[in-house]
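A note on names: the letters A, B, ... follow the listed sequences, proteins ahead of strands, and every chain is numbered from 1.
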Amino acid sequence: MKINFIPLDYDYKTIGNKTYMLIYGKTSEGKTCCVIDKAVNFFYILNAENPEKMIKNIEKISQVKKAEITEKNYLEKPERAIKVFCEYNQMQEIARKIELLDKNTETRERDINQITRYILEKKIKPLVWYEIEGNIISDNELNGLANSLDVDLVIELEKIKELKEQIDFKPKILAFDIEAEEFEIGKGEILMISLVSDNIKKVLTWKYCKKAEEYVECFKNEAEMIEKFADYIKKINPDIITGYYSDGFDLPYLRVRAEKNKIDLKLGKDGSRILFSRGNLINARIKGLVHIDLLKFIETVYSQYLQSETLSLNEVSKELLGESKLEIDHNKKSGERNEEEWKDFFSYNLQDSILTYKLFQKFWPDFLEFAHIVQEPLFQLTRYGMSHLVENYIIHNLERFNEIAEKRPIHEEIAERREREKYEGAFVLQPSPGLYENLAVFDFTSYWPSIIVTYNLSLSTFLGEKKQLDSFEVPVAGKKYYFSNKTGFFSSMLKEIIILRKKYKEEYKKDEDPIKKARSNAYKLLANASYGYQGFFGARYYCPEASASATSISRDFTKKIIETINKKDYEVIYSDTDSIAFKLNKHTKQEALNFLKKLNSELPGIMELELEDFYKRGIWVTKRTGEFGAKKKYALVNFQDKIKIRGFETVRRDWCFLAREVQNNILKMILNSGKHEKALEYIKEIIKKIKQREIDKKELIIRTQLKKPLAEYKSISPHVIAAQKIKERGEPIDIGMLISYFIAETQEKKKLVREKVKLPDEKGEYNIDYYLNNQILPAVENIFQVFNINIKEIVEGKKQKKLGEF
DNA sequence: GGATAGCTGTTACC
DNA sequence: ACCGGTAACAGCTATCC
């Protein structure tokens with residue numbers, strides 16, 4: 001039979017002694033389908049002294065299916081490699097035996113997992129439509145496999161062809177969220193579970209059942225509720241199940257409670273349980289049903305574009321959907337809630353799933369495009385960090401270069417790499433503090449990728465520290481690194497990525513299709529991460545020499561451009577890595593643009609400078625100590641009156657809201673008018689209010705993230721004390737939490753700030769001295785210093801003046 | 001016991 | 001541990017006299 005099929009999830013099983021792939025997906029008629037195919041697996045042997053002879057010995061090893069010589073490249077060099085075919089589960093043992101045959105040989109690609117290998121070889125890529133021909137598998141074939149799978153159709157693959165006309169695919173989504181009595185995994189009962197899918201909104205519960213809303217379904221106990229939850233999943237039969245931090249909370253919690261209630265929670269389409277990975281970062285996999293935890297993907301791919309100060313469901317929803325979580329009192333135990341409060345609790349629980357569902361829809365184009373570009377299945381893809389995304393992109397594109405993949409570093413290598421000294425990074429120009437008018441900012445487009453491409457910087461093109469034929473040198477830290485003139489695959493791929501990014505960005509400009517935006521964005525992220533990837537200890541294509549060369553070249557370029565700009569009677573004020581801010585002086589904007597063109601005509605390769613914007617005004621301040629200008633701190637206003645603030649306390653979440661707000665207002669006043677008088681009146685007013693205790697405590701809460709376990713802190717800072725206090729109350733403390741506190745007045749004179757820490761709901765008055773001298777004044781004094789105004793003297797100084805008068 | 005250099009820790013910029 | 005280095009800054013800690 002012939003069907004149109006789109007793969008969603010990949011699995012493999014050993015039946016008899018053969019490995020079979022199980023590709024779960026959908027047909028164009030909306031049926032769930034599992035395509036069965038024999039798996040492919042092999043690895044390579046390099047450096048064999050006599051490959052022909054060695055093949056004979058390899059073929060004697062039991063379980064080796066076939067060994068052949070292939071002409072491949074390994075790190076650009078031609079190799080006569082031996083390709084050894086075997087079952088995936090035999091591979092490590094066979095590879096070890098082969099290594100014993102000849103100690104000079106090395107194995108490669110035995111660290112490519114079965115799913116990736118299959119996608120590479122059979123080209124059945126995730127989320128791409130195929131026309132598939134094959135036979136329906138009968139119940140008595142393959143150990144009754146077909147019978148054990150909970151899908152509409154099980155087909156053994158015979159022929160496959162990518163559909164020329166791809167069909168729009170909208171997966172069926174089920175979002176869910178649980179509420180439990182206790183925060184600690186499995187400690188308390190699960191009180192309710194909400195589910196949201198197309199036309200379905202449900203809250204399942206058992207603890208409180210009086211007069212609930214229509215969407216609430218009540219059961220006699222926790223066990224029945226959990227069972228019904230599993231039933232609903234089966235009945236709704238979604239393609240994807242999604243939650244927010246469901247890897248780390250909802251599913252682990254469900255597992256423990258199911259075990260406690262002696263329920264076998266078999267949600268996998270092959271009848272398997274939820275599979276939890278071991279290790280630090282737990283993930284929860286359900287075979288045949290793609291589980292996506294939105295939080296993980298947002299962290300790696302989206303957080304850099306978000307303004308939100310935390311990645312909580314509430315803040316992310318507010319920013320991306322314009323909707324919030326509902327509010328309830330989390331401190332109450334079940335028994336303490338009245339009817340109204342239970343109702344609120346149910347709608348709170350439902351709202352979480354609604355938000356998760358909507359966020360999923362928002363991110364769907366990104367999932368889809370990353371899957372197409374990186375060619376890895378959704379489950380894996382959504383959990384990858386940036387390095388994995390880059391690396392998998394590379395692996396799935398090596399074939400065009402006939403390259404054998406480099407191996408993943410082993411434990412010792414990683415340890416060694418992590419100990420390497422840092423290489424010198426980018427150049428940052430120390431600004432002269434001041435208020436400047438009429439500025440322009442130029443920056444290099446995709447600076448790191450364009451340097452890597454233009455100068456061919458990568459592991460396979462790195463030739464060492466000695467001059468060689470057809471090479472060029474890069475000076476790094478008193479040494480010279482040589483790279484090949486012949487373009488390597490890393491640079492080639494990166495160049496393609498940059499070109500594709502440009503293409504889809506322009507297409508998106510013409511037609512604002514979210515898919516095009518997602519595609520352009522995926523390429524952009526891959527390009528930007530490729531520089532960091534080469535310096536990352538876990539990378540297959542780790543090459544700190546390439547990274548160090550890239551930064552060395554970057555410093556040269558930036559400094560040279562600065563020099564050229566200054567020579568033309570412009571005046572460079574500031575520069576950080578790839579951007580240069582300068583005064584136009586007597587030049588017009590058009591002249592600056594012409595100048596930009598000229599600069600570009602002299603740049604090599606794909607390197608390019610562009611106008612970031614023209615600015616009406618900009619302010620740079622001194623460092624807190626010393627009279628030098630502070631780097632990475634400035635504020636600009638463009639000719640559309642849009643303000644851009646970088647580095648100032650305004651944008652730092654570990655300062656109290658008042659300090660941030662006041663500084664923000666002052667920067668705005670100064671940038672908009674070019675004068676300080678209004679700002680000075682304003683700050684005097686604020687200071688007066690603080691002294692008269694007219695400030696709401698809410699404005700004075702300081703929030704700092706807890707980045708490691710409490711016990712590991714060598715230095716006990718205020719937020720550690722605050723966290724201890726929370727712990728003493730019996731409330732949960734978790735790494736990554738934002739700890740809120742304020743600094744209070746104390747009875748006795750206490751020296752350390754931490755001795756004055758109080759939690760937001762603790763009784764106590766705010767410490768006037770602290771908020772004045774450690775929050776508000778530090779946030780504004782450097783700004784006034786630009787106008788030669790010493791704000792501290794003005795605040796305290798009136799007394800001094802009076803003293804002086806006598 | 002106070003001053004302070006240096007360290008730890010967080011958060012930003014690019 | 002899960003892409004890199006540069007930088008500002010607070011507040012603690014060790015060390016000095």
> Dot-bracket notation for DNA chain B is requested: 5' to 3', Watson-Crick or G-U wobble pairs only, both distances under 3.5 Å, with ( ), [ ], | and . as defined.
||||||||||||||

> Only counting residues at least two apart or in another chain, list the ones meeting side-chain hydrogen bond (donor to acceptor under 3.5 Å, both in side chains) with A:N397.
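side-chain hydrogen bond (donor to acceptor under 3.5 Å, both in side chains) list for A:N397, sorted by chain: A:R400.
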
> Per the ring pair (Phe, Tyr, Trp, His ring centres under 6.0 Å) rule, what does the pair list look like for residues 406-428 of chain A, sequence neighbours excluded?
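Every pair satisfying ring pair (Phe, Tyr, Trp, His ring centres under 6.0 Å) with a residue in residues 406-428 of chain A: there are none.
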
> Go through the structure and list residues passing side-chain hydrogen bond (donor to acceptor under 3.5 Å, both in side chains) with A:E376, not counting sequence neighbours.
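Listed in chain order: A:T116, A:Y384, A:H396.
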
> Could you work out, with side chain to side chain contact (heavy atoms under 4.5 Å, CB included) as the rule, every residue matching A:K479, not counting sequence neighbours?
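Counting only residues at least two positions away or on another chain, A:K479 forms a side chain to side chain contact (heavy atoms under 4.5 Å, CB included) with A:E465, A:Y481.
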
> Collect all protein-nucleotide pairs involving nucleotides 4-8 of chain B in which both atoms are nitrogen or oxygen and the distance is under 3.5 Å.
none

> Of all residues at least two apart in sequence or in a different chain, which pass the side chain to side chain contact (heavy atoms under 4.5 Å, CB included) check with A:Y244?
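Per chain and number, A:Y244 pairs via side chain to side chain contact (heavy atoms under 4.5 Å, CB included) with A:L294, A:L295, A:I298, A:L311, A:L313, A:V316, A:T356, A:L359.
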
> Below 6.0 angstrom between ring centroids: does that apply to A:F582 and A:F442?
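Between A:F582 and A:F442, the centre distance is under 6.0 Å.
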
> Classify the nucleic acid contact of A:D443 as base, sugar-phosphate or nothing, counting any heavy atom under 4.0 Å across all strands shown.
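It contacts nothing in the nucleic acid.
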
> B:dA12 phosphate, OP1 or OP2: any side-chain N/O from A:Y634 under 4.0 angstrom?
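For B:dA12, OP1/OP2 do not have a side-chain N/O of A:Y634 under 4.0 Å.
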
> Only pairs at least two apart or in different chains count here, so list each salt bridge (Lys or Arg N to Asp or Glu O under 4.0 Å) that has a residue in residues 518-534 of chain A.
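Found A:E369-A:R519.
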
> Can you pull out every ring pair (Phe, Tyr, Trp, His ring centres under 6.0 Å) where at least one residue sits in residues 538-561 of chain A? Sequence neighbours excluded, please.
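Applying ring pair (Phe, Tyr, Trp, His ring centres under 6.0 Å) to every pair that reaches into residues 538-561 of chain A, excluding sequence neighbours, yields A:F489-A:Y541.
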
> Could I get the full list of side-chain hydrogen bond (donor to acceptor under 3.5 Å, both in side chains) partners for A:N528, not counting sequence neighbours?
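Here no residue qualifies.
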
> Taking only residues two or more places apart in sequence or in another chain, which ones pass side chain to side chain contact (heavy atoms under 4.5 Å, CB included) with A:S740?
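Residues passing side chain to side chain contact (heavy atoms under 4.5 Å, CB included) with A:S740: A:I701, A:R703, A:P760.
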
> Along DNA chain C, 5' to 3', what are the outermost nucleotides having an atom less than 4.0 Å from a heavy atom of chain A?
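Listing 5' to 3', DNA chain C meets chain A from C:dA1 to C:dT13.
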
> Counting any heavy atom closer than 4.0 Å, what does A:L752 reach on the DNA or RNA strands: base, sugar-phosphate only, or nothing?
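Touches sugar-phosphate only.
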
